[in-house]
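The structure appears below as C-alpha cells.
Residue numbers count from 1 along this sequence.
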Amino acid sequence: MIDIDPQRVIEMTPAELGSLVLRDLVGGGSWSQWNYINEAEQGRYRGEAANAISGALGWLTGQGLIAHDPRNGSSWGAFVVTPEGHRAAR
C-alpha cells in the first residue's frame, strides 16, 4: 500500500496518485481493485482519500496501464498490470 499523508492523497491528481499506485501494484500490491480499496480503508485512507485512490485506479484503467484479468472473471475488479503499465512504472 502507498504511504502518503491522506490529505496529500486527496490533493493529488488522478494521474499523480495513479503513478504511485501503479508502482505499488507492480511491486506486489494487490490483484483486485476491491482488495486494494478495502486495504486502504482498513488503513489510514477513508472517505475522500479512499475515493481518490479509487479514482487513481480508474485513471490507470483508462490509460491502459491496468486491465481486467481475463483469467479471474469471477472476482470484481480483478486486474493485471499491462505491458504498458510495467513500462510506465519503471
Side-chain angles (χ1 to χ4, degrees):
M1 178 56 55
I2 58 173
D3 185 20
I4 305 165
D5 178 73
Q7 185 59 42
R8 176 69 181 121
V9 165
I10 293 166
E11 295 167 355
M12 296 175 87
T13 67
E16 292 169 332
L17 184 54
S19 177
L20 298 175
V21 169
L22 180 62
R23 288 189 197 104
D24 184 46
L25 298 175
V26 168
S30 192
W31 59 270
S32 155
Q33 292 185 39
W34 187 89
N35 286 348
Y36 199 82
I37 294 298
N38 191 44
E39 182 182 342
E41 289 181 325
Q42 288 179 5
R44 51 190 229 172
Y45 304 108
R46 293 178 184 84
E48 287 185 59
N51 291 345
I53 292 170
S54 182
L57 288 165
W59 183 85
L60 290 170
T61 301
Q63 297 301 307
L65 303 175
I66 63 173
H68 174 72
D69 183 351
R71 296 163 297 219
N72 197 343
S74 64
S75 179
W76 178 86
F79 65 85
V80 295
V81 177
T82 66
E84 183 64 26
H86 283 281
R87 284 188 288 276
R90 291 188 196 137

| query | In this structure, are over 12 heavy atoms from other groups packed under 6.0 Å from Glu11 atom CD? | reply | yes
| note | One should read off an interatomic distance between Glu16 CD and Ile4 CD1, to the nearest 0.5 angstrom, of 10.0 Å
Side-chain donor-acceptor pairs of residues 53-66 under 3.5 Å, sequence neighbours excluded:
{"residue": "Thr61", "atom": "OG1", "partner": "Leu57", "partner atom": "O", "Å": "3.1"}

| Main-chain N/O of Ile37 paired with Tyr45 side-chain donor or acceptor, under 3.5 Å | no
| field | hydrophobic_cluster_shared for Met1 and Leu20, side chain cutoff 4.5 Å | value | yes
| field | Contact summary for Glu41 and Arg46, nearest pair of heavy atoms | value | O-NE, 3.4 Å
| query | Within a strict 4.5 Å, meaning less than it, do heavy atoms of the Leu17 and Ile2 side chains meet? | reply | yes
| Any side-chain heavy-atom pair from Val80 and His86 closer than 4.5 angstrom? | no
| task | Check for a donor-acceptor pair, side chain of Arg23 on one end and backbone N or O of Ala88 on the other, with a separation under 3.5 Å. | result | no
